[in-house]
Amino acid sequence: MDGTAIGTTGRGIGPCYEDRVGRRSIFVWDLLDADRLRARVAQSLPEKNALLAALGAQTFDVDHVVGSLLEVGDALRPYVGDANMRVRELVDAQVSILFEGAQGTMLDIGHGTYPFVTSSHTISGSACVGLGIPPQSITDVVGITKAYCTRVGNGPFPTELTDAVGQSLRDKGQEYGSTTGRPRRCGWIDAVALKYAARVNGFTSFAMTKLDILTAMPVIQVCVAYELEGKRITHEVPADAERLGAASPVYESLPGWDEDISAVARYEDLPVNARRYVETVETLTGVPVAYVSVGPGRNSTIVRKT
């Protein structure tokens, strides 16, 4: 892999998005109509086969593809409906709804470290676009952050640790990609990136996960600024991925803790230094940390503020 590789999962999500903006997509409802599906496949398959042939890969015929997709359509038929209409009905009925996003802010196609990003919008506003609901329907936005930083694939990562500390975070946190199994890159928490994420997402609170992974570290570093081109940056992530890659982190050192916190159920019972760490992140970002996770279990999340 060369230095220009984006480092995606390689599962074909990007080409799917390319088809969508190119008006070539085959939708789920197309799988329920054999004639319409055949027309869609016959229209798009020649281009796909040309690309596959150029790459030396297997090509496909229309009958094979249509037959396979019709089987998928039969399996999905009971679950196909107008999701947008259903969500709007629930919103109008003032039912509490939890929308869960995927991937991190810095992987957003428009606001992330382009080109080292995914193919979609990952910020909170994408919930409105994807579900067809107005922005004012969303009342709270909870940002999820680990107690340290991780990244899968290539791209700038100012606080990355390539030493024994980074390996320790990876091993203790079991930081391996859920889709690819690739080891995640690990580093100290980045308050500059968190402030940026809070701004573009409109976070009303944070949920901090994996605080227990930092246990037994004598000193914990928090990135409070970047040094770039002779300037100190505290509130904004450079939009240019190359400039971000050239930034050096400026750290504030905090004392660690040795106590096992995996069974702690109340925030007040956490070690003083663990609480100091959480509250430092809260102060630096200006966003309250409402939830703190101290382990992988269902009962391992401390609800600090509501």
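Just so we're clear, the structure is a prediction, and the values are computed from it rather than from any experiment. Computation of the quantities below employed the complete heavy-atom set of this structure, encompassing side-chain atoms and omitting hydrogens, waters and symmetry-equivalent molecules.
- In summary, of the residues considered (Val237, Thr145, Val200), a side chain to side chain contact (heavy atoms under 4.5 Å, CB included) with Thr105 occurs for Val200 alone.
- Annotation for Cys149 and Thr159: closest pair CB-OG1, 4.1 Å, computed over non-hydrogen atoms.
- Salt-bridge check for Glu89 with Arg86: passed, with a basic side-chain N closer than 4.0 Å to an acidic carboxylate O.
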Should Arg275 and Thr280 be marked as a side chain to side chain donor-acceptor pair (under 3.5 Å) after you check the CA-CA gap, both sets of side-chain angles, and the distance that decides it? CA-CA 8 Å; Arg275 282 183 276 131; Thr280 295; over 6 Å; no
Would you check, one step at a time, whether the test side chain to side chain contact (heavy atoms under 4.5 Å, CB included) holds for Tyr251 with Trp188? CA-CA 9 Å; Tyr251 288 116; Trp188 298 120; 3.6 Å; yes
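- One N or O on the side chain of Asn201 and one on the backbone of Ala197 form a donor-acceptor pair closer than 3.5 Å.
- Between the CZ atom of Arg199 and the NZ atom of Lys195 there is a distance of 12.0 Å, given to the nearest 0.5 Å.
- Within the structure, ring pair (Phe, Tyr, Trp, His ring centres under 6.0 Å) contacts touching residues 42-72 (residues at least two apart or in different chains) are Phe60-His64.
- In this structure, CG on Leu169 lies 6.5 Å from CG on Leu214, to the nearest 0.5 angstrom.
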Between Glu229 and Arg243, is a salt bridge (Lys or Arg N to Asp or Glu O under 4.0 Å) present by the stated rule, with each step listed? CA-CA 9 Å; Glu229 300 166 352; Arg243 294 185 70 241; 3.0 Å; yes
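- The closest donor-acceptor contact from the side chain of Asp163 to the backbone of Gly166 lies under 3.5 Å.
- Around the CD atom of Gln94, the shell of radius 6.0 Å holds no more than 12 heavy atoms that belong to other residues, nucleotides or ligands.
- Here Thr122 contributes atom OG1 and Ile109 contributes atom CD1; the two are 9.5 Å apart, rounded to the nearest 0.5 Å.
- For the 3.5 Å distance criterion, the side chains of Gln167 and Asp171 qualify, holding a donor opposite an acceptor.
- Rounding to the nearest 0.5 angstrom, the gap separating the CZ atom in Phe157 from the CE atom in Met106 is 11.5 Å.
- At distances below 3.5 Å, at least one donor-acceptor pair connects side-chain atoms of Thr283 with backbone N or O atoms of Glu279.
- Remark: Asp35 does not engage Arg38 in a salt bridge, criterion side-chain N to carboxylate O under 4.0 Å.
- Judged by distance alone, with hydrogens and angles left aside, the side-chain atoms of Ser25 form no donor-acceptor pair with the main-chain N or O of Phe27 at under 3.5 Å.
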What side-chain donor-acceptor pairs closer than 3.5 Å can you find for residues 95-104, not counting sequence neighbours?
from, atom 1, to, atom 2, distance (Å)
Gln103, OE1, Thr118, OG1, 3.3

Does the pair Arg304 and Glu282 meet the rule for a salt bridge (Lys or Arg N to Asp or Glu O under 4.0 Å), with working shown? CA-CA 12 Å; Arg304 183 177 171 220; Glu282 188 174 62; 3.0 Å; yes
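- With hydrogens and angles ignored, the 3.5 Å screen pairs no side-chain donor or acceptor of Asp269 with any backbone N or O of Val264.
- Side-chain contact of Asp108 with Tyr114: a donor-acceptor pair under 3.5 Å is absent, judged by distance alone.
- Taking every heavy atom of both residues into account, Cys128 and Ile138 meet most closely at SG-CD1, 3.7 Å.
- Atom CZ of Arg184 is separated from atom NZ of Lys146 by 4.5 Å, given to the nearest 0.5 angstrom.
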Check residues 13-23 and write down every donor-acceptor pair under 3.5 Å in which the side-chain atom is one partner and the other belongs to a residue at least two apart or another chain.
from, atom 1, to, atom 2, distance (Å)
Asp19, OD1, Arg24, NE, 3.2
Asp19, OD1, Arg24, NH2, 3.3
Asp19, OD1, Lys48, NZ, 2.6
Asp19, OD2, Lys48, NZ, 3.0
Arg23, NH1, Val21, O, 2.7

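- Heavy-atom contacts from other residues, nucleotides or ligands closer than 6.0 Å to CG of Asp92 number more than 12.
- Between the OG1 atom in Thr301 and the CZ atom in Arg298 there is a gap of 10.5 Å [rounded to 0.5 Å].
- By the 4.0 Å N-to-carboxylate-O rule, Arg185 lies too far from Glu175 to be salt-bridged with it.
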